[in-house]
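Below, read A as the first sequence line, B as the second, and so on, with proteins coming before strands; counting in each chain starts at 1.
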There are 2 protein chains.
Amino acid sequence: MFSKACEYGIRASIFIAEQSLLDRKVSLKDVAEAIDSPAAYTSKILQKLSRNNIINSDKGPTGGFSMGKKELEKVKLSSIVFAIDGESIYNGCGLGLKKCNEKMPCPVHNQFKMIRDELKKMLETTTVLSLAVDYEKGFSFLKR
Amino acid sequence: MFSKACEYGIRASIFIAEQSLLDRKVSLKDVAEAIDSPAAYTSKILQKLSRNNIINSDKGPTGGFSMGKKELEKVKLSSIVFAIDGESIYNGCGLGLKKCNEKMPCPVHNQFKMIRDELKKMLETTTVLSLAVDYEKGFSFLKR
DNA sequence: TAAATAGTGGACAATTTTATCCAATATAAA
DNA sequence: TTTATATTGGATAAAATTGTCCACTATTTA
């Protein structure tokens with residue numbers, strides 16, 4: 001469904017969000033351990049999220065990654081997916097045709113449209129904050 | 001959503017099905033041209049479909065690929081996806097966790113389950129035959 | 001101002017996926 | 001039985017994705 005990079009990105013964001021709720025900045029190492037991902041690769045992904053204003057990053061001692069109140073309130077899963085995987089999830093044809101629309105649809109255009117629209121709605125309405133709160137309560141897990 | 005191989009596989013199956021409705025066998029070249037895919041790569045995919053009894057393949061002159069009446073009636077998209085991409089679409093965790101279930105869910109487990117179940121239902125109820133019939137009527141396209 | 005810390009950026013490596021090439025096999029028709 | 005045709009299987013190659021390494025920059029604290 002998503003690229004590995006995107007999966008790491010979502011998991012990392014949830015962890016950073018949760019720690020930010022507790023007023024804690026986290027280091028790259030913290031993140032990689034919390035979500036069980038390769039640190040250096042995760043670093044690249046966090047850079048992307050940072051450039052897209054989804055998370056903050058601060059250098060130097062006492063530095064690390066965090067999310068501000070504003071970000072916590074407004075960041076949806078869709079922002080993360082878009083920042084990392086682009087809009088192919090929404091636009092791309094299910095059968096890989098370059099052009100595929102109502103006028104000239106691939107054979108499964110309508111069937112896929114249904115699913116895709118559901119997915120889109122889900123991503124656009126699910127906040128990282130809500131996922132972080134559940135995670136904080138121990139209702140969900142970021143590794144294993 | 002699916003691998004490129006799987007996209008080619010679905011498109012190829014629809015084309016072969018449609019031609020079989022007209023009692024025509026098609027060659028690898030025919031398929032590759034009809035769905036605009038690399039021939040040699042498509043060959044590997046057709047082999048996989050053939051071994052999974054989704055299509056027939058006959059060697060020699062007058063050989064080619066085809067689908068029998070039985071196959072035409074029973075082959076669903078799910079069979080093709082399973083033959084090529086395996087069951088990761090159904091089982092795999094949306095966030096890439098090795099273990100993810102009701103007891104120990106990833107943060108988006110339930111949200112993804114909804115979408116995935118819809119997708120599964122769609123794949124399991126959509127026959128290649130129905131897609132081939134639409135394609136035959138000019139309602140849908142396999143390239144561009 | 002020096003030292004220690006933490007993210008950044010760029011080059012590089014491994015793996016997986018996608019794609020190509022060609023000799024071998026099977027088969028139909030002449 | 002020879003020839004032509006079409007798929008098969010194996011080896012390779014190219015491209016994309018995933019993952020690693022290391023020197024550099026920024027920043028805090030002593």
Colleague: Whole angstrom is fine here: how far is it from NZ in B:Lys29 over to P in D:dT8?
Modeller: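 Those two atoms, NZ and P, are 18 Å apart.
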
Colleague: Output the rounded distance in Å from CD (A:Gln47) to P (D:dT25).
Modeller: 15 Å

Colleague: Have B:Thr42 and B:Ser37 got a donor and an acceptor in their side chains that come within less than 3.5 Å?
Modeller: yes

Colleague: Heavy atoms of chain B, cut-off under 4.0 Å: which first and last nucleotide of DNA chain C, 5' to 3', fall inside that, if you could look?
Modeller: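 Result: C:dT18 to C:dA29.
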
Colleague: Within the structure, does a side-chain N or O atom of B:Arg51 lie under 4.0 Å from either OP1 or OP2 of D:dG9?
Modeller: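 So the side-chain polar atoms of B:Arg51 do come within 4.0 Å of the phosphate oxygens OP1 or OP2 of D:dG9, strictly under.
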
Colleague: Rounded off to whole Å, could you give me the OH-to-C1' distance for the B:Tyr41 and D:dA11 pair?
Modeller: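 Those two atoms, OH and C1', are 16 Å apart.
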
Colleague: Regarding B:Ser3 and B:Asp85, is there a side-chain donor-to-acceptor distance under 3.5 Å anywhere?
Modeller: yes

Colleague: Quick one: A:Ile45 CD1 to D:dG19 C1', roughly how many Å, whole number?
Modeller: 10 Å

Colleague: Are the charged groups of B:Glu7 and B:Lys4 less than 4.0 angstrom apart, N to O?
Modeller: yes

Colleague: Under 4.0 Å between a side-chain nitrogen and a carboxylate oxygen: does that hold for A:Glu73 and A:Lys69?
Modeller: no

Colleague: Nearest whole Å is fine: how far is D:dT7 P from B:Lys48 NZ?
Modeller: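 Nearest whole value for this atom pair: 19 Å.
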
Colleague: Using a strict threshold of under 4.0 Å (side-chain N to carboxylate O), is an ion pair present between A:Asp117 and A:Lys121?
Modeller: no

Colleague: How many Å lie between CG on B:Leu46 and P on D:dT7, as a whole number?
Modeller: 9 Å

Colleague: Donor-acceptor check, side chain of B:Asn52 to backbone of B:Lys48, threshold 3.5 angstrom: yes or no?
Modeller: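 Present.
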
Colleague: Give every pair of a protein N or O atom and an N or O atom of nucleotides 27-30 of chain D that lie under 3.5 Å apart, one pair per line with the distance.
Modeller:
none

Colleague: To the nearest 0.5 Å, how far apart are CZ in A:Arg116 and CD1 in A:Ile89?
Modeller: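 It comes to 8.0 Å.
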
Colleague: Within the structure shown, what part of the strands sits under 4.0 Å from A:Val26 by heavy-atom distance: base, sugar-phosphate, or nothing?
Modeller: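 Answer is sugar-phosphate: A:Val26 comes under 4.0 Å of backbone atoms only.
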
Colleague: Does B:Ser57 have a side-chain nitrogen or oxygen under 4.0 Å from the phosphate oxygens OP1 or OP2 of D:dA6?
Modeller: no

Colleague: Going by an N to O cut-off under 4.0 Å, is there a salt bridge joining B:Lys25 and B:Asp58?
Modeller: yes

Colleague: Any chance the side chains of B:Glu71 and B:Asn56 put a donor and an acceptor closer than 3.5 Å?
Modeller: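 B:Asn56 and B:Glu71 do have a side-chain donor-acceptor pair below 3.5 Å.
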
Colleague: So B:Ser43, base contact, sugar-phosphate only, or nothing? Heavy-atom distance under 4.0 Å.
Modeller: base

Colleague: In whole Å, I'd like the distance from the CZ atom of A:Phe2 to the P atom of D:dA16.
Modeller: 22 Å

Colleague: When the distance from CD1 of B:Ile16 to C1' of D:dA6 is rounded to whole Å, what number comes out?
Modeller: 14 Å

Colleague: At under 4.0 Å between heavy atoms, what does A:Lys44 touch on the DNA or RNA strands: base, sugar-phosphate, or nothing?
Modeller: base

Colleague: Please confirm whether the shortest side-chain N or O distance from A:Tyr8 to OP1 or OP2 of D:dG19 is below 4.0 Å.
Modeller: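 Indeed, a polar side-chain atom of A:Tyr8 lies that close.
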
